Amino acid sequence: MSKKFNFTKSRLLALPYPPSGKRLIVWDSQVHGLQCRITANGVATFCLYRRVKNGGPIRVTLGRLADMTVEQARNKANRIISSMVEGENPAEVRRAHREEMTFQELFAEYLERHAKPQKRTWKKDQGMFTLYLEKRLGKKRLSEITRTDLAFIHSDISKQVFKTKKENGKPKRKSGATANRILALISSVFGWSIAVGLHDTNPARGIRKNPERSRDRFLYADELPRFFKSLAVEENTTIRDYILISLLTGARRGNVLAMRWDQISFERNEWRIPQTKNGEPQTLPLTEEAIDILRQRKDNGSEFVFPGDGKNGHLAETRRGWARILERAGIENLRIHDLRRTLGSWQAKTGASLIVIGKSLGHKSPQATAVYARLDLDPVRKSMEAATSAMLRAAQGSTSIGQERP
């Protein structure tokens, strides 16, 4: 049995299954040689069937209807036909198609050859692939992946909701930024594949991202007294001091957690961070309040300032302690990363320039990098000390940060 008509997914799905042991073959009226072969079990597969000049017929399997659209099948068929017209050996064309990389194989190459050697966050890339991309893209050949596929993935992730979190009694949606990060990862993978000659197009280009709103939360003047009071009664001194150092240095969470004694200079009141998020080292001045905290922690029997039971030997879990401190203080919607923004905000309040703030927080921008390199630590120290004094004054006499602890 053989039919020829304009393929659409709905028309193909509506076709009757052939008897057991038989195969129904239908032909597309738009692309010469494109056929869909349907088994008695209902498995529909796209194939290209062509006769070669001075040779016999060949059939190239393109993919299943369940895994690709009609348009994708037509595009792939036309590419193979073009190769044949240009004189390529049909057997080699068929073999090249069979050997074409899947997205999963390309991602594995990207991870090993690019992400692991150059990105400290490669594990996040791996996690996003496993969670969001492996099932939908993993087995697809690169030529099968279209901009439409990626736009739908981006849209679907944008509409997902958390299974347990709720806001005002309604399911809380995932941040649109999550979908943007995944789209950026796909684009990076294809961009790398073009650079190394594994592929020639980037289907992620041109897809509109979700608008993102920068977070601007920091500790306000009226919150500081309650915050410091709650810290003062915190029984877990490691958590307490970790939070205080995070606030007084403005350093990123991972750097503070992994702070080591051999990075601290008590003679110069400095902390040398060997590698920051942007891949470069940073030297931070330490205020007297920060030095007081570190001196009281100095003989803790560990190479880390904040030791912990994790596999890395330093503190890792801070969520419960942080939640406890905020609950006592009656403060909502504050994250540990907001402490970093708090220092920068109070530096701005006390008149620091954007360049000095950027230097103290380790920001990196093409316009300001050269200026950062010329700055010494004195103006940075002065700004941080002024911000610290302003925060303590706002605390209105609550427990001093650097007071002796039991």
Side-chain angles (χ1 to χ4, degrees), residues 1-107 132-157 186 190 199-201 203-204:
M1 179 180 181
S2 178
K3 294 182 180 180
K4 188 172 186 178
F5 56 87
N6 181 28
F7 279 2
T8 65
K9 192 162 189 175
S10 59
R11 292 188 69 178
L12 291 173
L13 290 175
L15 292 171
Y17 297 170
S20 179
K22 301 292 184 180
R23 196 180 301 270
L24 172 64
I25 302 176
V26 291
W27 300 78
D28 183 32
S29 60
Q30 301 298 309
V31 176
H32 180 61
L34 176 61
Q35 59 179 211
C36 186
R37 302 163 65 86
I38 303 171
T39 68
N41 295 327
V43 178
T45 304
F46 290 113
C47 297
L48 177 65
Y49 185 89
R50 297 275 294 198
R51 287 190 176 276
V52 183
K53 187 176 181 180
N54 299 324
I58 69 164
R59 186 175 70 236
V60 179
T61 300
L62 305 178
R64 292 186 175 184
L65 175 61
D67 299 326
M68 64 193 309
T69 66
V70 171
E71 196 59 34
Q72 287 172 333
R74 286 173 175 157
N75 290 338
K76 181 176 281 192
N78 282 326
R79 283 195 294 270
I80 295 174
I81 292 169
S82 297
S83 298
M84 293 180 181
V85 170
E86 291 173 2
E88 292 188 28
N89 186 302
E92 291 182 1
V93 170
R94 184 162 44 193
R95 184 169 57 252
H97 170 70
R98 287 199 306 267
E99 294 175 355
E100 182 185 4
M101 263 188 170
T102 63
F103 186 76
Q104 182 169 337
E105 291 168 341
L106 175 62
F107 183 81
Y132 295 102
L133 302 176
E134 185 172 18
K135 186 175 180 180
R136 295 187 66 167
L137 291 181
K139 294 181 180 180
K140 284 197 171 189
R141 305 288 178 185
L142 299 185
S143 62
E144 296 173 355
I145 299 173
T146 67
R147 182 182 297 176
T148 302
D149 294 329
L150 303 186
F152 283 165
I153 289 174
H154 180 260
S155 175
D156 290 345
I157 294 171
I186 297 172
F190 276 107
H199 198 52
D200 54 4
T201 59

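In this text, all values refer to a predicted model and were calculated from it rather than measured experimentally.
- The ring pair (Phe, Tyr, Trp, His ring centres under 6.0 Å) test applied to F152 returns no partner, not counting sequence neighbours.
- In this view, N78 satisfies the side-chain hydrogen bond (donor to acceptor under 3.5 Å, both in side chains) rule with no residue, not counting sequence neighbours.
- From K140, atom NZ reaches atom CE of M68 across 8.0 Å, with rounding to the nearest 0.5 Å.
- By the neighbour-count criterion of 12 heavy atoms within 6.0 Å, atom NZ of K139 is sparsely surrounded, having that number or fewer from other residues, nucleotides or ligands.
- Contact check for H154 versus I186: no side-chain heavy atoms found under the 4.5 Å cut-off.
- The neighbour count for Y17 OH, taken as heavy atoms of other residues, nucleotides or ligands under 6.0 Å away, does not exceed 12.
- For the atom pair OG1 (T148) and CD (E71), the distance works out to 9.0 Å, reported to the nearest 0.5 Å.
- L142 contributes atom CG, which lies 5.5 Å from atom CG of L106 (distance to the nearest 0.5 angstrom).
- Screening R11, K3, R74 for a salt bridge (Lys or Arg N to Asp or Glu O under 4.0 Å) with D28, the sole residue that qualifies is R74.
- H199 pairs by the ring pair (Phe, Tyr, Trp, His ring centres under 6.0 Å) definition with F190, not counting sequence neighbours.
- Around atom CZ of R79, more than 12 heavy atoms belonging to other residues, nucleotides or ligands sit under 6.0 Å away.
- Within the 4.5 Å cutoff, the side chain of F5 has heavy atoms near those of the L12 side chain.
- Shown here are the salt bridge (charged side-chain N to carboxylate O under 4.0 Å, His left out) partners of E134, two or more places apart in sequence or in another chain: there are none.
- Note on residues 36-49: pairs passing side-chain hydrogen bond (donor to acceptor under 3.5 Å, both in side chains), not counting sequence neighbours, are Q35-R37.
- Applying the ring pair (Phe, Tyr, Trp, His ring centres under 6.0 Å) test to F46 and every residue at least two apart in sequence or in another chain returns nothing.
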